[in-house]
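Below: one structure, written as structure tokens.
In listed order, ligands and their atoms are each counted from 1. Predicted, not measured: the structure shown is a model, and the values here were computed from it.
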Amino acid sequence: MTVTRFAPSPNGPLHLGHAYSAIVAHDLAEQSGGRFLLRIEDIDGARSRPELADEFRRDLEWLGLEWEEVPAQSTRLASYEAAAQRLLDEGLLYRCTCTRAEIEALEPRMGPEGMVYPGTCKHGNHDAMRPHALRLDMEKALARTGPLTWEDALQGPQQATPQEFGDVVLVRKDAPASYHLAATMDDAADGVTLVTRGADLFAASHIHRLLQALLGLPVPRWHHHALLLDSDGKKLAKRRGSPSLADRRAAGEDGKALAQSLRMGQIPCGITLSRSPHGDT
Ligand code: GLU
């Protein structure tokens, strides 16, 4: 039985790209007689707008989808803390007080997620009075796990290459977990067997695979679907003028008909579906 999920963050309204993502996940579960889960990823305290979660539910209903909702991330902080503590006790995390500007000033190399941390705080030379994040010591982590593989339903078998990200943050200064730790823990807790999400998060799966190995979590399969792109080839986003699903609902558009067109690959005018697994056209 396939268990998929749609895991939106309530920091902005959903748009067509989210609708596509939810439909893909929903349909993959349905085709296997499985379960489709909704998880609100509201770990981002300052940017989270709780009222948006209700809008998200209305959007999914409008699209004609049925789902099971699992607990939101804000209710699971203790599990993230416990996982981080375990990795800390095992010597796999270190405290880092560097600010973005400080890291930038060192002109570090760029990785899949932006700047790769140059390791300034790795040897304990941080200021104990400043707020700290916890970073994964990638070298130690990989020495612990050895080579890892994972499988994407569309792209086939993958060799995990989390080292490209360097020492990623697992516990943020301002939140009890980073996206990587929270999503990995939650997918395991929710029994997700097929992690379905956009190709823009393809690279993140290398890290998630590593975290599963370090934390002894079950290993799902992944399905990174193509992205809807605007006429400039950029991912759809509200800030670039892509109308939200809530706007479309309010304008009286038929959500089920829209969902049906998306399923058939009929994308509204001016929008294209990315062809490469990494979301480029
Ligand atoms: N919460 C993430 C987002 O809204 C999605 C995370 C995921 O699907 O793994 O972009």
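Hydrophobic clustering of Ile, Leu, Val, Met, Phe, Trp and Tyr side chains at less than 4.5 Å, counting indirect connections, unites Y20 with L28.
Ring pair H206/F202 is perpendicular by interplanar angle, where above 60° counts as perpendicular and below 30° as parallel.
Take E55 and apply the salt bridge (Lys or Arg N to Asp or Glu O under 4.0 Å) test, not counting sequence neighbours, and it matches R58, R249. Listed by chain and number, the residues in a salt bridge (Lys or Arg N to Asp or Glu O under 4.0 Å) with D174 are R172 (sequence neighbours excluded).
When each of W67, F6, F36 is paired with H26, the ring-ring contact (aromatic ring centres under 6.0 Å, His included) condition holds for F36 and for no other.
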Between ligand 1 and the protein, give all atom pairs where both partners are nitrogen or oxygen and the distance is under 3.5 Å, as lines of names plus distance to 0.1 Å.
unit_1   : atom_1 : unit_2 : atom_2 : d
ligand 1 : 1 (N)  : A7     : O      : 2.7
ligand 1 : 1 (N)  : S9     : OG     : 2.8
ligand 1 : 1 (N)  : E41    : OE1    : 2.6
ligand 1 : 4 (O)  : S9     : N      : 3.3
ligand 1 : 4 (O)  : S9     : OG     : 3.3
ligand 1 : 8 (O)  : R5     : NH1    : 2.7
ligand 1 : 9 (O)  : R5     : NH2    : 2.8
ligand 1 : 9 (O)  : Y179   : OH     : 2.6
ligand 1 : 9 (O)  : R197   : NH1    : 2.9

Identify all side-chain donor-acceptor contacts of residues 163-171 below 3.5 Å with residues at least two apart in sequence or on another chain.
unit_1 : atom_1 : unit_2 : atom_2 : d
D167   : OD1    : M138   : N      : 3.0
D167   : OD2    : Y94    : OH     : 2.6

